[in-house]
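Inspection log for the structure reproduced underneath, given as structure tokens.
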Amino acid sequence: MYWSGYFTSRPTLKYYQRYSSNYLQTARQLQAWAYLKPDPKPSISWSPINGQGLNPLSAAVALVSHHDAVTGTARQHVTNDYAKHLSLGNDLADVVVNEAFSKLTESSSTFLICKKLNVSICEPATNSLKKIGDTLYMIAYNPLGYKRSENIRVPTVVNHETNELVPKVTLLSKNNIVSSSLLPATGWASEKQEAASFSSESAPSVIVFNVALPPLGFETFAITLEKKMELESEKGEIIVKKHNSGDNTGVVLLENKYIKAEFNSVTGKLASLTNKIDQITTNIYDQGFYYYTAKNSGPWMLRPDQTKAEDAIPVSDKAQLSVIKSSTNEVIEVVQIFDDWITQTIRLVDDILEMEWSVGPVPVTGINASKELFSRFKTDIDSKHTWTTDSNAYEMIDRVVNHRDTFKLNVTEPIASNVVNVNSVISIKDDKRQFMVLNDRSQGGTSLDSGLIDIFVHRRLLGFDYPGGGMGPNGEPLNETRIFGWHAPDTRYWYRDGPGIVVRGKHRVGITSIEHAAKMYRVQSEKMFRSILLGFDVNGGINNVNSFKRFSGSALKKSLPENVKLLTLQQYKNKTNTFLIRLMHKFAVNEDVELSKPVTVSLTDLFNL
């Protein structure tokens with residue numbers, strides 16, 4: 001028996017821990033840069049209910065990093081308490097971040113951090129942008145030590161289908177108009193999935209525009225709604241059209257100057273991925289969602305009923321494909337619906353493909369109810385039953401099917417024994433190409449056959465690891481539903497109700513030459529973890545541009561070298577003007593011809609602190 005199931009157990013808690021860890025480091029940066037009052041020292045009787053500053057979030061992140069927490073192996077009421085600690089810590093960190101944003105912009109604005117942007121919920125945005133002339137002010141902060149340029153998505157109640165109103169986005173530091181698009185928000189597979197997600201407040205549309213941010217710095221923006229006029233290409237306005245593909249032959253292209261993705265319009269699935277810079281292509285024979293039935297799996301153990309990769313059960317052989325196009329017929333996004341409980345939206349992010357998937361409620365009816373669900377990538381990479389994963393996002397580890405370096409493996413469970421933890425990236429390669437999948441939370445992953453990657457996204461189980469499920473004397477299956485409770489004070493008599501939970505997450509998928517692979521996954525994994533932080537002015541149009549005395553800024557005088565990572569910038573020993581700074585080399589030895597070389601960084605002329 002192999003404890004490889006907990007690599008995926010409770011995927012929402014795993015994401016919440018990852019998000020909170022990033023938010024904590026970002027808040028520490030802002031607290032230090034803005035010279036805010038240091039946090040009070042935690043007392044012995046400290047709790048998040050009466051805590052202040054960033055200490056509660058720091059303690060919560062540490063607590064949920066425990067091996068019975070982030071693993072997803074605790075009982076449900078304990079897991080709920082872990083999530084409560086994170087939530088309270090995040091709320092208190094919001095106070096620090098708002099104070100820092102107000103001080104850095106030299107404004108009296110109150111900034112709100114929207115925690116549900118992944119489901120297009122943000123009250124300041126939707127409340128501020130409703131009619132002609134409405135304006136929303138916002139700040140975008142980059143926690144990385146180098147410049148970055150990315151698209152962000154701001155929810156709005158403006159209907160993208162009517163096109164009666166269009167957004168005008170202004171970069172305040174230069175008073176420049178930024179090209180923007182009004183697109184449909186990331187959707188759900190069905191009304192059933194939407195209802196189960198508890199996302200009735202989700203906005204129907206998003207305003208998408210690119211933000212170019214300085215290293216460890218911010219820019220401010222104004223979004224104003226204007227009446228739709230004749231299309232003016234120089235303003236970057238885009239008319240969005242949706243086209244449903246039927247059984248017609250041909251391909252659908254999603255392309256920019258870096259990569260090209262081809263989709264088979266008959267199967268609705270990804271067919272190939274090309275790196276235009278390296279001029280290499282991988283054919284993708286299949287990309288979709290599969291599952292193993294698993295009557296003996298539990299929170300810790302992965303024990304599928306099947307024994308071979310080819311025995312996995314596809315959710316669907318085809319995906320219902322739709323595309324979102326611009327007025328010039330350029331594909332902006334591709335949307336796939338595999339079933340009424342699985343959908344995936346695919347878009348381009350620089351030199352990599354982003355797949356945003358929504359999974360659940362996983363059906364658990366019938367004899368083979370318990371399911372281990374995963375996303376499968378079947379490619380033409382001749383990987384010879386080897387693959388690579390990260391070790392806590394740092395060192396890379398080579399894996400071989402049914403092999404251990406220090407002993408001869410007696411293979412009794414051919415699937416579970418080959419599933420390993422993937423914190424950041426899993427990849428396969430041949431002599432010239434490397435294909436990789438990056439994730440936004442810890443997940444189980446494997447490559448059971450040449451050219452194959454399976455990465456687990458969800459598990460819903462009705463059985464146990466062993467009597468009691470490893471969770472006490474009374475069995476509690478890993479069957480997460482929207483409602484969980486017990487008849488107090490006895491937690492033995494628990495109950496579940498409502499639909500199974502819906503999980504939304506992201507994978508980033510890339511193909512590159514062997515020599516450029518390290519740069520791709522090092523840069524992209526850091527961007528996924530240290531995401532851009534958005535703050536929204538809750539006063540909306542009440543405040544005008546004159547309320548901001550400072551429109552942009554950076555805590556660095558220049559970007560860090562490409563191969564240096566900023567791990568920590570925070571106040572040291574509760575002193576406002578003393579800082580703890582930790583830097584690390586981003587690349588391993590011999591991982592990249594140039595970027596693995598030693599580098600010297602001078603701190604004397606680096607910071608604007």
Side-chain angles (χ1 to χ4, degrees), residues 1-2 4-5 7-8 263-264 266-273 282-297 301-319 336 338-339 341-342 344 355 357 359 362-364 366-389 399-404 409-422 426-430 433 435-437 439 443-461 463 507 509 511:
M1 296 182 290
Y2 290 87
S4 50
F7 300 151
T8 310
F263 296 81
N264 186 308
V266 177
T267 65
K269 294 186 175 183
L270 181 63
S272 70
L273 188 61
T282 180
N283 293 315
I284 299 176
Y285 303 129
D286 190 16
Q287 193 286 308
F289 292 87
Y290 287 72
Y291 64 89
Y292 297 118
T293 57
K295 60 180 178 289
N296 294 315
S297 283
M301 297 179 191
L302 173 66
R303 304 193 72 188
D305 301 331
Q306 293 75 20
T307 59
K308 295 181 292 186
E310 56 264 33
D311 294 336
I313 303 167
V315 171
S316 175
D317 292 327
K318 294 183 178 181
Q336 300 167 310
F338 295 87
D339 205 331
W341 56 282
I342 296 186
Q344 185 168 246
M355 296 179 161
W357 41 267
V359 172
V362 177
V364 287
I367 298 176
N368 297 320
S370 297
K371 293 179 176 63
E372 306 276 8
L373 185 74
F374 55 91
S375 178
R376 169 166 285 182
F377 299 83
K378 187 176 182 180
T379 74
D380 64 352
I381 301 288
D382 184 16
S383 55
K384 295 180 172 58
H385 297 90
T386 64
W387 75 101
T388 303
T389 63
R399 314 278 187 175
V400 182
V401 174
N402 296 333
H403 172 78
R404 300 294 187 270
L409 180 66
N410 179 24
V411 181
T412 57
E413 297 190 34
I415 295 175
S417 64
N418 288 294
V419 173
V420 299
N421 192 32
V422 180
I426 180 172
S427 69
I428 53 177
K429 61 185 177 181
D430 55 23
R433 304 169 298 170
F435 179 83
M436 66 189 70
V437 181
N439 55 1
Q443 296 170 315
T446 187
S447 176
L448 296 172
D449 288 325
S450 183
L452 188 70
I453 286 179
D454 293 339
I455 186 161
F456 289 78
V457 297
H458 198 2
R459 50 199 324 243
R460 191 176 182 190
L461 310 173
H507 288 147
V509 182
I511 179 72

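If you read the sequence from its start, that first residue is 1, and numbering goes on from there.
Ser450 places a side-chain N or O within 3.5 Å of a backbone atom of Lys384 that can act as its donor or acceptor partner. No donor-acceptor pair under 3.5 Å is formed between the side chain of Asp380 and the backbone N or O of Gly451. Gln336 contributes a side-chain N or O that, together with a main-chain N or O of Gly268, makes up a donor-acceptor pair within less than 3.5 Å. Of the possible polar contacts, none joining the Arg303 side chain to the Asn296 backbone as a donor-acceptor pair under 3.5 Å is found. Distance alone, capped at 3.5 Å, places no donor-acceptor pair between the Asp339 side chain and the Trp341 backbone. Here the side chain of Asp449 pairs no donor or acceptor atom with the backbone of Ala309 at under 3.5 angstrom. For Ser272 (side chain) and Thr282 (main-chain N/O), no donor-acceptor pair under 3.5 Å exists by modelled atom type. Distance alone, capped at 3.5 Å, is enough to place a donor-acceptor pair between the Ser447 side chain and the Leu452 backbone. Distance alone, capped at 3.5 Å, is enough to place a donor-acceptor pair between the Ser4 side chain and the Ala416 backbone.
Note: Asp286 CG to Arg376 CZ = 7.5 Å, rounded to the nearest 0.5 Å. We find the NZ-NZ distance between Lys295 and Lys371 to be 13.0 Å, quoted to the nearest 0.5 Å. From Arg433, atom CZ reaches atom OG of Ser383 across 10.0 Å, with rounding to the nearest 0.5 Å. The distance from atom CG of Asp454 to atom NZ of Lys378, rounded to the nearest 0.5 Å, is 10.5 Å. Within the model, atoms CD1 of Ile313 and CG of Leu373 stand 11.0 Å from one another, a figure rounded to the nearest 0.5 Å.
Considering all non-hydrogen atoms of both residues, Lys269 and Ser316 come closest at NZ-O, 3.5 Å. Shown here for Val400 and Thr386, the closest heavy-atom pair between the two residues is CG2-CG2, 4.0 Å. When all heavy atoms of Gly5 and Arg459 are compared, the pair lying nearest together is O-NH1, 3.3 Å. Closest heavy-atom contact between Ser297 and Pro304: OG-N, 4.2 Å. Lys308 and Tyr292 make their closest contact through O-CE2, 4.0 Å (heavy atoms, listed as atom of the first residue, atom of the second, distance). Annotation for Val266 and Asn264: closest pair N-OD1, 2.7 Å, computed over non-hydrogen atoms.
Counting heavy atoms from C-beta outward, Ile381 and Ile511 have side chains that approach closer than 4.5 Å. Between Thr293 and Gln306, some side-chain heavy-atom pair lies under the 4.5 Å cut-off.
Checked against ring pair (Phe, Tyr, Trp, His ring centres under 6.0 Å), Phe338 has the following partners two or more places apart in sequence or in another chain: Phe289. Under the side-chain hydrogen bond (donor to acceptor under 3.5 Å, both in side chains) criterion, Ser375 pairs with Gln287, not counting sequence neighbours. Scored by the ring pair (Phe, Tyr, Trp, His ring centres under 6.0 Å) test, Phe456 finds Phe374 as partners (sequence neighbours excluded).
With a 6.0 Å radius and a threshold of 12 heavy atoms from other residues, nucleotides or ligands, Asp317 has its CG atom at or below the threshold.
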Subject >> Worked check of side chain to side chain contact (heavy atoms under 4.5 Å, CB included) between Gln443 and His507 >> reply: CA-CA 11 Å; Gln443 296 170 315; His507 288 147; 3.0 Å; yes

**OP:** Determine, step by step, whether Trp387 and Ile453 satisfy the side chain to side chain contact (heavy atoms under 4.5 Å, CB included) criterion, reporting the C-alpha distance in whole Å, the side-chain angles of both residues, the deciding distance to 0.1 Å, and the verdict.
**Re:** CA-CA 9 Å; Trp387 75 101; Ile453 286 179; 5.9 Å; no

**OP:** Any chance you could lay out the side chain to side chain contact (heavy atoms under 4.5 Å, CB included) test for Phe7 and Thr446, step after step, and finish with the verdict?
**Re:** CA-CA 12 Å; Phe7 300 151; Thr446 187; over 6 Å; no

Subject >> Full working for side chain to side chain contact (heavy atoms under 4.5 Å, CB included) between Met355 and Phe377 >> reply: CA-CA 12 Å; Met355 296 179 161; Phe377 299 83; 3.9 Å; yes

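Exactly one of Thr8, Leu461, Ile415, Asp305 qualifies for a side-chain contact (heavy atoms from CB on, under 4.5 Å) with Glu372. That residue is Leu461. The side-chain contact (heavy atoms from CB on, under 4.5 Å) with Thr379 is formed by just one residue from the set Ile428, Asp430, Asn283; it is Ile428.
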